[in-house]
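The structure under discussion appears below in the form of structure tokens.
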Amino acid sequence: MMLGLLLARSGVEVAVLEKHADFLRDFRGDTIHPSTLELLHELGMLDEFLKRPHQQAQRIRGVIGDEELLVADLSRLPTRSKFIAFMPQWDFLDFVALKARRYPTFQLHMRAEVTGLVEQNGRVVGVRASTPKGPLEVRADLTVGCDGRHSTVRQQAGLPVEDLGAPIDVMWMRISRRPGDPEQFVGRFNRGTVFVMIDRGDYWQCGYVIRKGGFDKIRAAGLAALHDNIARIAPFLRGRLQELNDWRQIRLLTVLVDRLRVWHRPGLLCIGDAAHAMSPVGGVGINLAIQDAVAAANILAGPLRDRRVSDDDLHRVERRREFPTRMTQRLQLFIHRNVIDRVVTSDRPTSLPWYLRLLLKIPLARRIPAYIIGIGFRPEHVHTEDVFARSNE
């Protein structure tokens, strides 16, 4: 959606295909980090965006065993917004779609599920989709796969995927939030349990981290056992866990960490989770995908406008975004191995490795995770122009 907005405002004809009738998918990535808020500022949209209901977090805290730690302090970031905004992803997508629809070069097709690619002489020249009105074929100079970790586009294109491994899955659920609840702690780690809590105003969005493939075992043990485990790590929730009275209230996220070996083919490019599925560690997936979109627009807007986009142009996008992708995934896998996996495979009291404990005790060092989470390894900035604003001057 962000790529569609940026290309459309640059005068490129764009069609975005969304397979659902709306964006109301629960438990998606709902964290809008300072890097994304900075992009909205560069587009002149930030003030309007922040008028929408959201929560803000400037400091990221965790509880390791019985010890509370300040993991990251975003207050010193060199950005206009020095906080993470928590907003349902459907509200964010609605906002971007609203802005994109202002441009005559933008089209959004809802309930249009891509089922295959259209190819000619080894080049991708469009997609086939199913819609309530029947089959749809869209021809384009460039097809961009933005369809997530289970991407139909990358599968149909035959792009090879490198699986980097992820030892965890996450069970997402809602638990009501009440006055007097503790301040938001992004993660609680102790005695075999990792429990993530995100303040969503009147409820907590909670993630219960489990070993890869362990959902059936947990379900077989029953909801009462799950309630007990949650109450053990977050005792203040004990009186309201009966709200979780049906397994249908719990969504399983199968965590993947992978990366395409090559992100493109003639006429086709993958970005976001379609190019590199990210772990939920740090909540950076949506923001990394948006950085991909900005880089792609910066590099491709001119060639697309002139209808001369080349394989070299597509490779420039991959080369630009490969470094931050690799570095972020390496860091996520390090945290998987040295923190999360240590917790979920042991029932003993949990403590941080000494070197991480030392790092988080140094105020200056806390700026490092703040920068990585809030901005990333290679932040992008909007270099495309709004050609319609120029024509109206």
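The figures here come from the full heavy-atom set of this structure, side chains too, leaving out hydrogens, waters and symmetry mates.
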State whether [X] and [Y] are salt-bridged, where the test is any N-O pair (Lys NZ or Arg NE/NH1/NH2 against Asp/Glu carboxylate O) under 4.0 Å.
X	Y	answer
Arg378	Glu380	no
Arg177	Asp202	no
Arg102	Asp386	no

Is there a path of hydrophobic side-chain contacts, each under 4.5 Å between heavy atoms of I/L/V/M/F/W/Y residues, joining [Y] to [X]?
X	Y	result
Ile286	Val16	yes
Leu164	Leu256	no
Met171	Leu223	yes

| field | Short side-chain donor-acceptor distance under 3.5 Å, Thr131 and His109 | value |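 Looking only at side-chain atoms, Thr131 and His109 do not form any donor-acceptor pair under 3.5 Å.
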Measuring only between side-chain heavy atoms, which start at C-beta, is [X] closer than 4.5 Å to [Y]?
X	Y	answer
Val281	Phe334	no
Val209	Val255	no
Leu253	Trp172	yes
Val317	His264	no
Thr36	Phe49	no
Leu300	Leu269	yes
Leu37	Thr79	no
Phe86	Ile198	yes

| Within residues 75-94 or reaching into it, pairs that qualify as salt bridge (charged side-chain N to carboxylate O under 4.0 Å, His left out) - sequence neighbours excluded |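 Salt bridge (charged side-chain N to carboxylate O under 4.0 Å, His left out) check on residues 75-94 returns no pairs.
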| Only one of Asp258, Asp163, Asp273 clears salt bridge (charged side-chain N to carboxylate O under 4.0 Å, His left out) with Arg149; which? |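 The single option meeting the salt bridge (charged side-chain N to carboxylate O under 4.0 Å, His left out) with Arg149 is Asp273.
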| task | Look at atom CZ of Arg240 and say whether more than 12 heavy atoms of other residues, nucleotides or ligands are closer to it than 6.0 Å. | result |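 Above 12, so yes.
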| Residue Arg307 excluded, over 12 heavy atoms near CZ under 6.0 Å |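 At most 12 heavy atoms, drawn from other residues, nucleotides or ligands, come within 6.0 Å of this atom.
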| task | Would you check, one step at a time, whether the test side-chain hydrogen bond (donor to acceptor under 3.5 Å, both in side chains) holds for Ser310 with Asp312? | result | CA-CA 5 Å; Ser310 68; Asp312 286 342; 4.8 Å; no
| Relative to each other, are the rings of Phe323 and Phe377 parallel, tilted or perpendicular (30° and 60° limits)? | perpendicular
| query | Using the ring of each side chain (for Trp, its six-membered ring), is His54 parallel, tilted or perpendicular to Phe83, with breaks at 30° and 60°? | reply | parallel
| query | Any donor and acceptor pair, going by atom type alone, linking the side chain of Thr384 with main-chain N or O of Ser10 inside 3.5 Å? | reply |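 No; judged by distance alone, with no hydrogens or angles, the pair does not exist.
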| query | Does Asp292 use its side chain to pair, donor to acceptor, with the backbone of Leu3 at less than 3.5 Å? | reply |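 Side chain of Asp292 to backbone of Leu3, a donor-acceptor pair under 3.5 Å: no, none is there.
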| query | Of Leu50, Leu39, Leu5, Val96, which is the lone residue that meets side-chain contact (heavy atoms from CB on, under 4.5 Å) with Met45? | reply |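 Among the candidates, only Leu5 passes.
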| Test side-chain contact (heavy atoms from CB on, under 4.5 Å) applied to Thr105 and Arg305, Arg9, Glu13, the passing residue | Glu13
| task | Measure the spacing between CG of Asp181 and CZ of Phe236 and express it to the nearest 0.5 Å. | result |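 Here the rounded value is 5.0 Å.
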